Amino acid sequence: MNEQNEIPFEQLFTEEFMQLYTEFDSFEALLEASQWDVEDEDDFEAIPEDEFDTYVDEHTDFPSWEVMSQTAAQRFLERQFN
């Protein structure tokens, strides 16, 4: 997918979504509480997937980052079409 079609994290991981499914009020708070220093997309992409999956499993209602992001995308689409 090209960058023009990417949905900003703020729109995917709304405060409502984060409060409902995680220990955090925002996606930024989730990252700030992690062991990684994430300043930009490259930093986020550099996080080892298996380690981030473990972090997501421990601090959210999701077993992995993939499931969390897929659920957020589904909720985003539901908001767009309702």
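Positions are given from 1 along the sequence. None of the values given here were measured: they were computed from a predicted structure.
In this view, Phe62 and Phe17, Tyr21 satisfy the ring pair (Phe, Tyr, Trp, His ring centres under 6.0 Å) rule, not counting sequence neighbours. For Glu58, the side chain to side chain contact (heavy atoms under 4.5 Å, CB included) partners two or more places apart in sequence, or in a different chain, are Thr54. Considering only residues two or more places apart in sequence or on other chains, Ala33 meets the side chain to side chain contact (heavy atoms under 4.5 Å, CB included) condition with Phe24, Tyr55. Every residue two or more places apart in sequence or in another chain was checked for a side-chain hydrogen bond (donor to acceptor under 3.5 Å, both in side chains) with Glu28, and none qualifies. For Glu78, the side chain to side chain contact (heavy atoms under 4.5 Å, CB included) partners two or more places apart in sequence, or in a different chain, are Gln74, Arg75, Asn82. With sequence neighbours left out, the side-chain hydrogen bond (donor to acceptor under 3.5 Å, both in side chains) criterion links Gln70 to Glu66. Considering only residues two or more places apart in sequence or on other chains, Asp57 meets the side chain to side chain contact (heavy atoms under 4.5 Å, CB included) condition with Pro63.
Rounded to the nearest 0.5 angstrom, Ser34 OG and His59 NE2 are separated by 9.0 Å. Expressed to the nearest 0.5 Å, how far CZ of Phe9 lies from OG of Ser69 amounts to 8.0 Å. The CD atom of Glu10 sits 9.5 Å away from the CZ atom of Phe27 when rounded to the nearest 0.5 Å.
Residue Leu31 forms a side chain to side chain contact (heavy atoms under 4.5 Å, CB included) with just one option from Asp37, Asp43, Val38, and that option is Val38.
Between Asp25 and Glu15 the shortest side-chain heavy-atom distance does not fall below 4.5 Å.
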Contacts table for residues 44-51: side-chain donor-acceptor under 3.5 angstrom, sequence neighbours left out:
unit_1: Glu51; atom_1: OE1; unit_2: Gln35; atom_2: NE2; d: 3.3

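Smallest separation of non-hydrogen atoms from Ala73 and Leu12: CA-CD2, 3.6 Å. Counting all heavy atoms, side chain and backbone alike, Thr60 lies closest to Met68 at CG2-SD, 4.1 Å.
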**OP:** Would you please test Glu41 and Glu6 for side-chain contact (heavy atoms from CB on, under 4.5 Å) and show each step?
**Re:** CA-CA 12 Å; Glu41 186 176 341; Glu6 290 183 9; 4.2 Å; yes
